[in-house]
Asker: 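Have a look at the structure that comes next, please.
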Protein chains: 2
Amino acid sequence: MNEIIIELTKNNIKPSIHRIKILEYLRDNRTHPTVDEIYLNLKEGCPTLSRATVYNTLSLFVQSGIVRPLTIEDREIRYDYNTEDHGHFKCEQCGFLSDFEVNVAQLKYEGLEHHEITNKDVYFRGVCNKCLGNKKS
Amino acid sequence: MNEIIIELTKNNIKPSIHRIKILEYLRDNRTHPTVDEIYLNLKEGCPTLSRATVYNTLSLFVQSGIVRPLTIEDREIRYDYNTEDHGHFKCEQCGFLSDFEVNVAQLKYEGLEHHEITNKDVYFRGVCNKCLGNKKS
DNA sequence: TTATAAAATTAGAATTAATCTAAATTGAAA
DNA sequence: TTTCAATTTAGATTAATTCTAATTTTATAA
Ligand SMILES: [Mn+2]
Ligand SMILES: [Mn+2]
Ligand SMILES: [Zn+2]
Ligand SMILES: [Zn+2]
């Protein structure tokens, strides 16, 4: 809780109660939750919470670089507290979105001379081991 | 035109006039167009065309693997006729979505043992050279 | 403390990409 | 021609996100 306040303050974000709760939720739930997941879960302990606040707050966090937005889904954005270098795998069967190790920073590329690159994402898709195991072939 | 029909037939897709036009449009416009871009452009030469047909057809193409859907945008899907190994860069300033060279296939990763991977995407974001050049700093 | 201004939050309306639905059209057999 | 499945269609529906304008909270100054 205290670390969350420090992190917000360090990033020039005033640590309001909602901002603390939302960042805390992301820190403690590494499932890459959607806006609605965050909203519905926090609403229980804070019935006055508005969806707009969750949207506003997450935009603020993304701008400050303390959380990362994931656009691997077609329709809705997911949010990741882990901004370290790692890839994301989406199982097309069960929908689960998992992390995997990949060295994106060292990835060699060409054709972006004189571009400023602020963000790199690696998205894989397929079927996870669990879903493959369940399949009676 | 003829090659398009051959490509569709090879993938067990009956080459209806709309399917031909849509695939032709993707082949000739490598700007990663959205559904609406495709729809509005083709509607001129084919006023009866429906949005639903564009959606249906693109889903069909994606399933067959002859076009690739890009989810680099938050809100809408873009489509790429080029299914070869390459990365995508989105300029946050002008919105342009460009290709770049990157060897995704040879990318080393860990943590997806016994997963079936059907698709790999590399998305970079930032500011393109053109936008950087325009900026009077 | 009290007054004032700025920042944060709110509910609900508006927007819009994508999906769904049920009817109409087309095209290939029989 | 008749029949049946595949394709296409317009418009309704869904749902994530954004917008708006009002309200509440917090900070600052007198
Ligand atoms: Mn992650
Ligand atoms: Mn491309
Ligand atoms: Zn799975
Ligand atoms: Zn640009």
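Just so it is clear, the structure is predicted and the values come from calculations on it, not from any experiment. Within every chain, numbering begins at 1; the chains are lettered A, B, ... in the order of the sequence lines, protein sequences first and strands thereafter.
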Asker: Take B/A52 and A/R75, find for each the nucleotide of DNA chain D with the closest heavy atom, and name the residue whose nucleotide sits nearer the 5' end.
Answerer: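 Going by which nucleotide is closer to the 5' end, it is B/A52.
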Asker: Return the value, rounded to whole Å, for the distance between atom CG of A/N12 and atom P of C/dA7.
Answerer: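 In whole Å, C/dA7 P lies 14 Å from A/N12 CG.
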Asker: Without decimals, in angstroms, what is the distance between B/L49 CG and C/dT25 P?
Answerer: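 Value for this atom pair: 17 Å.
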Asker: Is the side chain of A/R125 donor-acceptor paired with the backbone N or O of B/D121 at a distance under 3.5 Å, no angle test?
Answerer: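 No, the answer is negative, given that no donor and acceptor are paired below the 3.5 Å cut-off.
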Asker: Report the distance from atom NZ of B/K21 to atom P of D/dT7, rounded to the nearest whole Å.
Answerer: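 Result: 19 Å.
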Asker: Could you pick out which residue, B/R78 or B/K14, lies toward the 5' side of DNA chain C when each is mapped onto its nearest nucleotide?
Answerer: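 First, find each residue's nearest nucleotide; the 5'-ward one identifies B/R78.
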Asker: Using modelled atom types and a 3.5 Å cut-off, is there a donor and acceptor pairing between side-chain atoms of B/D85 and backbone atoms of B/V104?
Answerer: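 Yes.
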Asker: Checking all strands, does A/T34 fall into the base, sugar-phosphate, or nothing category for heavy-atom contacts under 4.0 angstrom?
Answerer: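 A/T34: no heavy atom of the nucleic acid under 4.0 Å.
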Asker: Take the protein atom CZ of B/R51 and the nucleotide atom P of C/dC20, then report the distance between them rounded to whole Å.
Answerer: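 After rounding, the reported distance stands at 17 Å.
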Asker: For the side chain of A/S16, starting at C-beta, report the closest nucleotide among D/dA10, C/dT9, C/dT10.
Answerer: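 Minimum distance to the A/S16 side chain belongs to C/dT9.
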Asker: Apply salt bridge (Lys or Arg N to Asp or Glu O under 4.0 Å) to B/D36 and B/R51, showing your working.
Answerer: CA-CA 8 Å; B/D36 244 48; B/R51 256 191 193 85; 2.8 Å; yes
Asker: For a quick check of understanding: with a heavy-atom distance under 4.0 Å over all strands, which category does B/R19 fall into, base, sugar-phosphate or nothing?
Answerer: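 The residue B/R19 makes sugar-phosphate contact but no base contact.
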Asker: B/E73 has an atom CD; how far is it from atom P of C/dT16, in whole Å?
Answerer: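 About 15 Å, once rounded to whole Å.
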Asker: Mind calculating the distance between CG (B/D74) and P (D/dT18) to the nearest angstrom?
Answerer: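 Going from B/D74 (CG) to D/dT18 (P), I get 7 Å.
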Asker: Would you please classify the geometry between the B/Y109 ring and the A/F100 ring as parallel, tilted or perpendicular, with 30° and 60° separating the classes?
Answerer: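 The arrangement is perpendicular - the two ring planes meet at more than 60°.
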Asker: May I ask you to evaluate whether B/H18 reaches the phosphate of D/dT9, defined as a side-chain N or O under 4.0 Å from OP1 or OP2?
Answerer: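 For B/H18, the contact criterion (side-chain N or O under 4.0 Å from OP1 or OP2 of D/dT9) is met.
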Asker: B/I17 has an atom CD1; how far is it from atom P of C/dG27, in whole Å?
Answerer: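 Checked: the CD1 to P distance equals 10 Å.
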Asker: In whole angstroms, how far is the C1' atom of C/dA17 from the CD atom of B/E76?
Answerer: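 Between C1' of C/dA17 and CD of B/E76: 7 Å.
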Asker: Please list residues of residues 53-67 of chain B whose heavy atoms come under 4.0 Å from any atom in DNA chain C, ordered by number; otherwise none.
Answerer: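 Within this stretch, B/Y55 sit under 4.0 Å of the strand.
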Asker: Would you be so kind as to tabulate the donor-acceptor pairs closer than 3.5 Å made by side chains of residues 57-64 of chain B, with sequence neighbours excluded?
Answerer:
| from | atom 1 | to | atom 2 | distance (Å) |
| --- | --- | --- | --- | --- |
| B/T57 | OG1 | B/T53 | O | 2.6 |
| B/S59 | OG | B/Y55 | O | 3.0 |
| B/S64 | OG | B/L60 | O | 3.2 |

Asker: State plainly whether the residues A/R27 and A/E3 are in salt-bridge range, i.e. N to O under 4.0 Å.
Answerer: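 Salt bridge between A/R27 and A/E3, a charged N being under 4.0 Å from a carboxylate O: yes.
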Asker: When you check the side-chain N and O atoms of B/H32 and B/D99, is any donor under 3.5 Å from an acceptor?
Answerer: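 Checked: B/H32/B/D99 side chains pair up, N/O donor to acceptor below 3.5 Å.
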